[in-house]
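Just below is one structure, and these are the notes that go with it.
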Amino acid sequence: MTIKLMSVASEIYPLIKTGGLADVVGALPGALVGQGVSVRTLVPGYPAVMAKLGKIKIVHRYPDLFGAAASLLAAQVEGLDLLVLDAPGFFAREGGPYGDHGGNDWPDNWRRFAALSRAGADVAEGVLKGWRPDVVHVHDWQAAMTAAYMRFGPAAHVPKLVTIHNLAFQGRFAADIFPNLGLPPEAWGVDGVEYYGGTGFLKAGLVSADAITTVSPSYAQEIRSPVHGMGLDGLINGRVDRLHGILNGVDTDIWNPVADALIPKAYGARGLGKRAANRHALEDRFGLDHDDAPLCIIVSRLTWQKGMDLMIDAAEHLVALGGKLAVLGSGDHVLEGALLGAADRHRGRIGVQIGYDEPLSHLMQAGGDAILIPSRFEPCGLTQLYALRYGCVPVVARVGGLADTVIDANEAAIGAGAATGIVFAPDAAAALHGAINRLAALHADKPLWEAMQRAGMRADFSWTQSAARYADLYRSLIAEAA
Ligand SMILES: Nc1ncnc2c1ncn2[C@@H]1O[C@H](COP(=O)(O)OP(=O)(O)O[C@H]2O[C@H](CO)[C@@H](O)[C@H](O)[C@H]2O)[C@@H](O)[C@H]1O
């Protein structure tokens, strides 16, 4: 029997994306079809979402949802079966999903995402005519309260799981919002939404869910330690029998070098020579010299998590070794400025584009020789997976999903033809410099470099296996609840 699943999230590719969460939420429905799971995804009605909806049906109306008029819309967009919370008072704003153009969070984020979660729980409780989910899967803090509303209401018996895409974002608010959340008094407490004296949305989801997943096996282990647990390690250790690490996959329809309309020249593992045209276009785009030196790329949020502060020195080191660097990203303004400064000092060797540009990210993967990912922590990481598929060799810190997906070019792995990248110790400038030295040496050995590219392209990081693991988990939760 087909399982009816409702997914609740604050982003979904290709409608609204600020990072990897959107990719995963957008890819899961397609990946789960083959596993006998049909997915409806509930997302907020931001302007970018509303603009792409086309034909809609109003399936539920709220005269007053946390102070705003709202309705739930049903729509089919780009193969996705969507439920959209249309609440202009909360979501019809200029700026990003979580804040204004200046990067300041919206002050009413607790209300906006409590509203999304309340709507999720209402659907689980059966407010829609003719459709009610068998299982509810919610993502990150913005949707986590769905699990809490369900637990303290009539849908308590409906199985629910929370996926942690990034434990650094927890949805922490003041204690005094609690009376406005519409939860019963018993929901306040260590076993509920109270979190270090305030209100914790992700925390509330984690204690309420029947299962907790995170996006790689290594990250599932790491978050049990104080360093990576970020205040939640105690809770997570207490629920370890409910914790699963399921690796993200690649949407191979969108990320496919053999048939990618966003790059000048499509290619496969046997036609690596064709990458030269993409490399040339990439160099033009960033004002870089045309030569054979290793061309490294970065496609990333420019933040401390991603180790981008370490890149300022490392970029100098790369250039000193003769290499080149193309950076696409945005985030911390100090880091943006420092990278732009490095590009000014090294015209032709370093190019930086501040901003968000999906098509350009495809060109970078298709033309770059190597991608640098010096993250301090990385729940899964998607850019190294895209890089592997595109023959762009990943150079990654040994953390989380990066450690789970890249095989270091040590002697044994090279001998076995298994090496797919370079893996180095995280959070250490010296280790990153060492990795760049190795990158330069390996890149100079053309047959070996091409063998690594091909090994990476052969690796299967499609969704097939991970979707099967999610489907097994949904089935076991449904069986447990029966
Ligand atoms: N400037 C830019 N222009 C265009 N595209 C850009 C871009 N900056 C980033 N991207 C794209 O955004 C996505 C980033 O995904 P990641 O998984 O690397 O990190 P993120 O930290 O957002 O996600 C969190 O959630 C995901 C999903 O679970 C986890 O893999 C990850 O470890 C966790 O931190 C990729 O698709 C990348 O190509």
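Order of listing sets the numbers, starting from 1, for every ligand and every atom in it. All values derive from a computational prediction rather than experimental measurement. In what follows, residues are counted from 1 in the order of the sequence shown.
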Is the closest side-chain heavy-atom distance between Val39 and Val33 below 4.5 Å? no
So, do Leu167 and Phe377 sit near enough that their side-chain heavy atoms are less than 4.5 Å apart? no
Sub-3.5 Å pairs, protein N or O with ligand 1 N or O:
residue	atom	partner	partner atom	Å
ligand 1	1 (N)	Gly355	O	2.8
ligand 1	3 (N)	Asp357	N	3.0
ligand 1	15 (O)	Gly20	N	3.3
ligand 1	17 (O)	Leu382	N	3.0
ligand 1	19 (O)	Lys306	NZ	3.1
ligand 1	21 (O)	Arg301	NH2	2.6
ligand 1	21 (O)	Lys306	NZ	2.9
ligand 1	22 (O)	Gly20	N	2.9
ligand 1	28 (O)	His165	ND1	2.6
ligand 1	28 (O)	Asn248	ND2	2.8
ligand 1	30 (O)	Asn248	ND2	3.3
ligand 1	30 (O)	Gly381	N	2.8
ligand 1	32 (O)	Glu378	OE2	2.5
ligand 1	32 (O)	Pro379	N	3.4
ligand 1	32 (O)	Cys380	N	2.9
ligand 1	32 (O)	Gly381	N	2.9
ligand 1	34 (O)	Gln305	NE2	3.3
ligand 1	34 (O)	Glu378	OE2	3.2
ligand 1	36 (O)	Lys17	NZ	2.8
ligand 1	36 (O)	Asp23	OD2	2.7

Got a donor-acceptor contact below 3.5 angstrom from the Arg242 side chain to the Asp210 backbone? yes
Applying ring pair (Phe, Tyr, Trp, His ring centres under 6.0 Å), can you list everything that pairs with His433, at least two apart in sequence or on another chain? His317
Does Tyr195 have any ring pair (Phe, Tyr, Trp, His ring centres under 6.0 Å) partners at least two apart in sequence or in another chain, and if so, which? none
Of all residues at least two apart in sequence or in a different chain, which pass the salt bridge (Lys or Arg N to Asp or Glu O under 4.0 Å) check with Asp309? Arg376
